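One structure below.
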Number of protein chains: 2
Amino acid sequence: MEKILVIGHKNPDTDSICSSLAMANLQTKLRGEEVISCRLGEINEETKYALNYFKVEAPKLIEKVDEGQEVILVDHNEFTQSVEGIEKTKILAVVDHHRINNFQTSEPLFYYAQPVGCTATVLFELYKSNNVEIEQQIAGLMLSAIISDTLLLKSPTTTDKDKKAVEELAKIANVDISKYGLEMLKAGTNLDKYTEEELINLDAKTMEKENIKYVIAQVNTVSIPDVLKRKEKIEHEINKVIEAKGLSLFVFVITDIVNSNSTAIVLGERTDAISKTYEIRDNLAEMPGVVSRKKQVLPLVEKNI
Amino acid sequence: MEKILVIGHKNPDTDSICSSLAMANLQTKLRGEEVISCRLGEINEETKYALNYFKVEAPKLIEKVDEGQEVILVDHNEFTQSVEGIEKTKILAVVDHHRINNFQTSEPLFYYAQPVGCTATVLFELYKSNNVEIEQQIAGLMLSAIISDTLLLKSPTTTDKDKKAVEELAKIANVDISKYGLEMLKAGTNLDKYTEEELINLDAKTMEKENIKYVIAQVNTVSIPDVLKRKEKIEHEINKVIEAKGLSLFVFVITDIVNSNSTAIVLGERTDAISKTYEIRDNLAEMPGVVSRKKQVLPLVEKNI
């Protein structure tokens, strides 16, 4: 029998990597057999900082899974964001904090989702309810995931449960939340090393609504103007993706993590899904106070597209 | 603001009614505002026995919900099994023990499902994790739901969690499980009072796979031959439904709850989905050892249709 795989979403962010590692740790303990943490893409700079800090190896890189493979999904449920071959797997469990869409199983499963800021917050409750002690390294990873997803508890997605989890996890991990958190987030804003093609794929989610396909990508920075210096080249890459994947819309959200604002590059036939709310000039939409793709950008596009 | 509604599936069985009442009770306590238990159809004889025994009023009968209504689903997630208008509601939470299919939301939600015998078993854990005491009447209802769904813990869907919940709930409800359970199940086997049209709708679930629509209905009895005395009239009603709803298959499972066997009346273009496994003679398939639609009949049809 193949070992059970824990899988986060494509273009993995810190939550997808750290929750995969934490869930594999919890499941290995609960099942008494090794459960393997996997990832579907390269580790970004922010996540690398967290893994180095807590001295944890990255999950195993996989590209596809075989028919009948037993899998556990974390931080996503939509098949379009999951591993190649997901339709033919046996999904044992999902732990998530997103809407449910493009997802189905033929058998009952364990599914635990909460409308909180981060998957690791739901995992934190799972550790508790199963009475499994959280090791220091794992606590550090879960803490990193919550800091990342909530931008240090500042995003509108942040809930009291996230705050409570962060407080307790920081104690176990033995770190100063603000100091560690800002260092980690800043590590993720070094975008110079990425090509424009890499940049628009770093944290890109493909969505589908009634056969209309669109992508919302996001990068964090400490200087939006710095990123916009590369605007022309970024647009060129986005247009290539739009054509190759038949997208109706590509929204590239550039988020200033210090001042909690975003500017988006908006391209495609259906830019009206954004322009109904935010004026678009020269393909740019300024979005004051916007930091959350899930809570602020996605519902808008979903409603208007 | 309209009050939040807790909704079980169409053609409500004992789990759908009792879990709706229990979840409304729990949510009312957690939210500090009245949450309304609803039902989408008539109460069957078995459920009536449980409600009378524990002196609880039936949930409110509703037919549809308005756009934007806040709802909580129990014991189902598939929109085809839910209330009219479900697509336009705001689904706050789901507590269930079925596969996930034909279900989607545009926003994150609370979703708690486990592959156990009964929704009430998952609810039992929710009461525990929220540190809410279970009242005697509610314990009686949850106990009834588990007895009903697991046929007194004999169905292959039964898990250790169901057994543990039953044990604890029986203490709170202060009943003898075997005695009460058999009385309740027997109350549900009095099928004489139903017309054939009612009989095939008592506990019928409509499924859809790649635009192929089919129904699997089930009734419990202490004598399969007694039910088959009405075979011709039942077949007549089934054929009417097949035509009216454009079904490819209708499986009417008659389950002997004492001997744990079933015989099914199988009609429609796609009877091959059953006959690949069980010989069909004169529209009848004998299914020795089969008592669970979810675990034994549905996966078979899903695979072969």
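Side chains are part of it too, since the values below use all heavy atoms of this structure and drop only hydrogens, waters and symmetry mates. This one's a predicted model, so the numbers in the text were calculated from it and none came from an experiment. All chains are named by letter (A, B, ...) in the order of the sequence lines, taking the proteins before the strands, and each is independently numbered beginning at 1.
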Going from [atom1] on [X] to [atom2] on [Y], what distance comes out if it is rounded to the nearest 0.5 angstrom?
X	Y	atom1	atom2	result
E302(B)	E107(A)	CD	CD	9.5 Å
E78(B)	Q104(A)	CD	CD	9.0 Å
K128(A)	S129(B)	NZ	OG	13.5 Å

Go through the atoms of K294(B) and report whether side chain, backbone, both or neither lie under 4.5 Å from a heavy atom of chain A.
side chain
Above 12 or not: heavy atoms from other molecules or residues under 6.0 Å from [atom1] of [X]?
X	atom1	value
K245(A)	NZ	no
N211(A)	CG	no
E208(B)	CD	yes
E133(A)	CD	no
K303(A)	NZ	no

Testing Y111(A), Y112(A), F110(A) for side chain to side chain contact (heavy atoms under 4.5 Å, CB included) with Q114(B), which one passes?
F110(A)
With heavy-atom distances below 4.5 Å as the criterion, would you say the side chains of P108(B) and H97(A) are in contact?
no
Among I100(A), L298(A), N77(A), residue most engaged with chain B (heavy-atom pairs, under 4.5 Å)
I100(A)
Looking only at atom types and distance, does a side-chain atom of T105(A) sit under 3.5 Å from a main-chain N or O of R99(B), one as donor and one as acceptor?
no
